[in-house]
Every structure is written in C-alpha cells, then in structure tokens.
Amino acid sequence: MPTLLPLLPRRRAAAGFSATGHVAYQKKMNAQPSAFSLRRCPMSRARPINCIIPPYILDKLLDSEDREVRQAALDTLLVTARLRGERAVRASFAAGAAAPGNGRRTVFDCEQEEFLSNAVLARPEDGPESADPSVNQAFDALGLTRDFYNEVFQRNSVDGRGMRLDGYVHFGFQVNNAFWDGREMLFGDGDGKEFSNLTGSLEVVSHELTHGVTDHTSEFEYHNQSGALNESMSDVFGSLVKQWSLKQTAEEADWLIGADVWTPGIGGDALRSMKDPGHAYNNPKFGKDPQPDRMSKFIHLPDTKRGDSGGVHFNSGIPNKAFFLTAVRIGGFAWKAAGNIWYESLKASGAEDQFQDFAGTTFQKAGELFGVGSPEQSAVLSAWQEVEVPITGVPTGVARVRSFAVNGNGGAGREDGRAALARQLGALNDKVTALAQDMAALKGTR
C-alpha cells in the first residue's frame, strides 16, 4: 500500500538531539496504540483533508503571469489531492482516536519533502528552542491553541482526551497551504510572493486544529451548509485564540483570517473578514472577496471539489458574520460569552445540521447559559436575523438590531419594551426547545 507510506511514524533524529534521546522517543511512539489498525471502520463517510486556503484562490494563482507562482499553485493543488486520497484510504480502516499524550507538542521538519516518514525531529514538548523560526512558531501556536481550549472550555486537547499535537513544518517545496489531515498539522512554506510561511499566523494554526475539534464533536459534514458551518467554526475559534492570546476585546479585534501570511506585499487585506465578509480584499490579482454576509447573497455551487464542496469557503461568511455581531453586541472578551455559546452549540449539533438548525441551537444555549430573555440571548437572536437566518419558531421581527441590541458593556439598552421582550423570548425559547426535540426525534427514526 504505497500511498500510506508518508503516514507511518518512521522519523529521523535532528542534529542536536542525542541518539539516546531519539531512541527513547521512538520507543515511546512505538508503544502507543496504532491509529491505523486493519479493522474496518464503521464510519459511513470519510472526513476530508482540511486546508486554510480556499481552492478559488489557488485557481486564481494558476492564471498568474509569474511562472513560479503558477507552478507553486499547481503543486499545492496536487499535494492537496494526494493528501485527500490518503486520508480517504485511512478512513476506510478503524482509525481509533490517536493515543492520548496530554496534548504534548512535537514539531518535525520535512525539509521540503512531502513524505512525513522522512521528517526530522525538530522540537519535542520538553526540548530546547530551535534555531528555525518556523519550528518555534508552529510549536508556540500549537501550545496557545491547546491552552486556549483547556483554560477557556476545559477541553483536553483536540479530541478532549489529551491527543498529541504533531506539527510538520517545511512541508513540500513552496506549498501554499496549511493542512489538518485528521491526526497532525502540515505547514507549507508558501511561494514567498503570494504567501509567506504558513506557520506565521496564529489564527491559521488554530483554524486547522479546530477542524479536529469539530471532527470530535458535531462532525459537521463537509459540504453545502453543514460544510460552511464546519469552516465557520474554525474561523470563529481561530480568531478567538488570537484575541485570547492578545487579551483583546471584541471591539479591539481585527476579525481577520490569514492577514499575516497572505499577499505580504499588499497591506490591509486577508483571506477572510468575519466583521465584513465580502470585503477582506479587492485587488487586480485576486479580484473582490466573494464571501456573502447574508442568506439573500448565498452562493449556490455544485457539491464537487471544483465547486468547493458546495461553496463551504464562500458561505461560511454568513455564520461568521452572525458570530461577530453576537460578540460585539454582548461586548467585552468574545471568548467568554459568545464563544461559550458557540462552543456548547458545536458540541450539541448534528453532522447534517444546516444554518437554521445551528442558529436555533445557539439561541437555546444562550438561554440555558445566561437566562431566557437575557441580553446575551437577545444578541444571538438579532445577529441571526441580521444575516437573514431565521430561528425556527421565532417570528421575524421579534428582535431588531437597533431596538434590542446589547451595549458594549454586556448590558441591555434602555428601551421601554425590554421587559416585554424578555417575556416574549421566554415563550419563544420554550417553543424552540420543543421544536428541536421534535426534530431530533424525527432524525432518530430515519
């Protein structure tokens, strides 16, 4: 089975690590239960290879006048296809969760090869700082993401059970992407023109690791609306990790994804903007950011690889904007209230949930966490209404952005109808809960 060779854990020691230390590390790795046994997997679908750069941006690079940029884009697309095939093969076998390791980090250097089996051990959890900035950036970003989930949500690594965090830097030659393959992170160096080294963005690393969190919670299927939710969860928590590390409030944050690694020669742009989907960039090379910010602008694409699996990187802008609006209307640190609502909703969601399903779940969770009719629940409701995603059982117009917005200090405005709104939200919350239970029962009978 030659396609599986890059996934096997045969790793060489890096210069500066003792032979004894490397042997001990290999013994430890070999003692871990294999995540690649030959029992058939009961799962009915394969998880995709997840990557930060949308295919439509790589497609644009194929039209570049620069031959090196075109070649880097083509190589990146080919690498992505190969990794996707390898993960599909691996998913056809029982891939029991990776062995627990208390979230220990290990970074390897691929030395611009694409075979993980040849990667050099560059920095283990208790090893010294590397002379390679890429190694240290990956190591630090893995640690910040791990610590964020642990301290904010009491989650023990990606899978909730202490999954080891392995990262591979300098993956391939001028690869314009970073990948989560279900078990580890792979970082390309970028082509040096349109992309810089992909370890240089904390939210990119956190975005990819959050795909792993989604794999172990809702398992949002990676196509159409559920796939856009999958992408949105990674943008939401990727941005929150950055805000948490910088101790920024919702109002202070830039809400940009990938600004540090994309188009280093163009200032002020990013791959995506959660604050203003559709306005992350606008330049002659790439055109205008195509993300919609509301359902009336929803982009319908075929559920194919060329169609971005039904537009998952496009339409994620809609739930992204809903989270941003929720966070700024609640105010303060976004990971505390809005982040908690979204995290609990992620855990409570189903694989096939659509935007409206998730909106209803966030409305319910806001009521459970902060009280029915609370300012937090009002913020959730008004945010989804602004992006034109209705919540089942809640008539459009119950909460309007200007009338019932939450102020920046986390308190409600002074509208005379606030008490009446709280009572109305209480009745609607009960109705939404009953409808959600009915829907869950119907899904269970399929």
Side-chain angles (χ1 to χ4, degrees), residues 6-36 96-113 115-171 178-187 189 197-210 212-213 216 238 241-242 244-246:
L7 300 172
L8 299 179
R10 179 173 60 81
R11 293 148 181 171
R12 295 184 287 118
F17 285 89
S18 69
T20 302
H22 180 61
V23 170
Y25 179 82
Q26 290 286 39
K27 285 181 178 179
K28 181 177 180 181
M29 291 292 292
N30 294 336
Q32 303 282 13
S34 173
F36 201 80
N102 296 318
R104 288 177 62 84
R105 296 163 291 178
T106 311
V107 178
F108 301 90
D109 185 353
C110 291
E111 299 180 323
Q112 297 189 325
E113 293 186 14
F115 296 96
L116 305 191
S117 56
N118 293 334
V120 172
L121 176 62
R123 186 175 178 183
E125 180 67 45
D126 51 359
E129 185 171 326
S130 171
D132 184 344
S134 296
V135 171
N136 296 325
Q137 287 175 336
F139 186 85
D140 292 342
L142 291 171
L144 281 168
T145 306
R146 175 197 63 192
D147 295 346
F148 167 82
Y149 275 106
N150 183 44
E151 293 184 25
V152 177
F153 302 125
Q154 294 74 56
R155 185 177 186 85
N156 186 7
S157 191
V158 165
D159 63 351
R161 294 179 290 179
M163 181 179 182
R164 294 191 309 268
L165 300 179
D166 291 344
Y168 292 78
V169 302
H170 305 306
F171 175 74
F179 309 88
W180 167 257
D181 76 350
R183 291 179 58 189
E184 51 237 337
M185 279 286 307
L186 317 178
F187 302 93
D189 287 337
N197 192 297
L198 274 297
T199 62
S201 172
L202 172 58
E203 71 269 17
V204 163
V205 179
S206 302
H207 172 107
E208 291 305 312
L209 286 179
T210 297
V213 175
H216 291 280
V241 171
K242 180 171 71 172
W244 177 77
S245 70
L246 297 173

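Residue numbers start at 1 and run along the sequence shown.
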ask   = Going through the checks in order, is the side chain to side chain contact (heavy atoms under 4.5 Å, CB included) test met by D126 and R104?
value = CA-CA 9 Å; D126 51 359; R104 288 177 62 84; 3.8 Å; yes

message = Hydrogens and angles aside, do S130 and D132 bring a side-chain donor and acceptor to less than 3.5 Å of each other?
response = no

Nearest 0.5 Å, what's the [atom1]-[atom2] distance between [X] and [Y]?
X: N136; Y: R123; atom1: CG; atom2: CZ; value: 5.0 Å
X: Q112; Y: F171; atom1: CD; atom2: CZ; value: 12.0 Å
X: N150; Y: N156; atom1: CG; atom2: CG; value: 6.5 Å
X: L202; Y: L246; atom1: CG; atom2: CG; value: 7.5 Å
X: S157; Y: R105; atom1: OG; atom2: CZ; value: 11.0 Å
X: E151; Y: L144; atom1: CD; atom2: CG; value: 9.5 Å

key: Option from Y149, F148, F153 for which ring pair (Phe, Tyr, Trp, His ring centres under 6.0 Å) with W244 holds   = F148

Under 3.5 Å donor-acceptor, R146 side chain and G103 backbone = yes

Main-chain N/O of R183 paired with D181 side-chain donor or acceptor, under 3.5 Å = yes

Is there a side-chain contact between [X] and [Y] (heavy atoms, below 4.5 Å)?
X: R164; Y: T106; answer: no
X: E125; Y: N102; answer: no
X: S206; Y: K242; answer: no
X: C110; Y: N118; answer: no

note = Scanning both residues in full, the closest heavy-atom pair of S134 with H170 reads OG-CE1, 3.5 Å

query = Taking all atoms of both residues into account, what is the closest heavy-atom pair of V204 and A178, and its distance?
reply = CG1-CB, 4.0 Å

ask   = Of the options V107, V169, V135, which is the one that meets F187 in a side chain to side chain contact (heavy atoms under 4.5 Å, CB included)?
value = V169

inquiry  = Show, in sequence, the C-alpha distance, side-chain angles and deciding distance for T210 and W180, and conclude whether the side chain to side chain contact (heavy atoms under 4.5 Å, CB included) test is met.
reply    = CA-CA 9 Å; T210 297; W180 167 257; over 6 Å; no

query = Can you say whether the rings of F108 and Y168 are parallel (under 30°), tilted (30 to 60°) or perpendicular (over 60°)?
reply = parallel

key: Derivation and outcome, side chain to side chain contact (heavy atoms under 4.5 Å, CB included), residues V205 and V241   = CA-CA 10 Å; V205 179; V241 171; over 6 Å; no

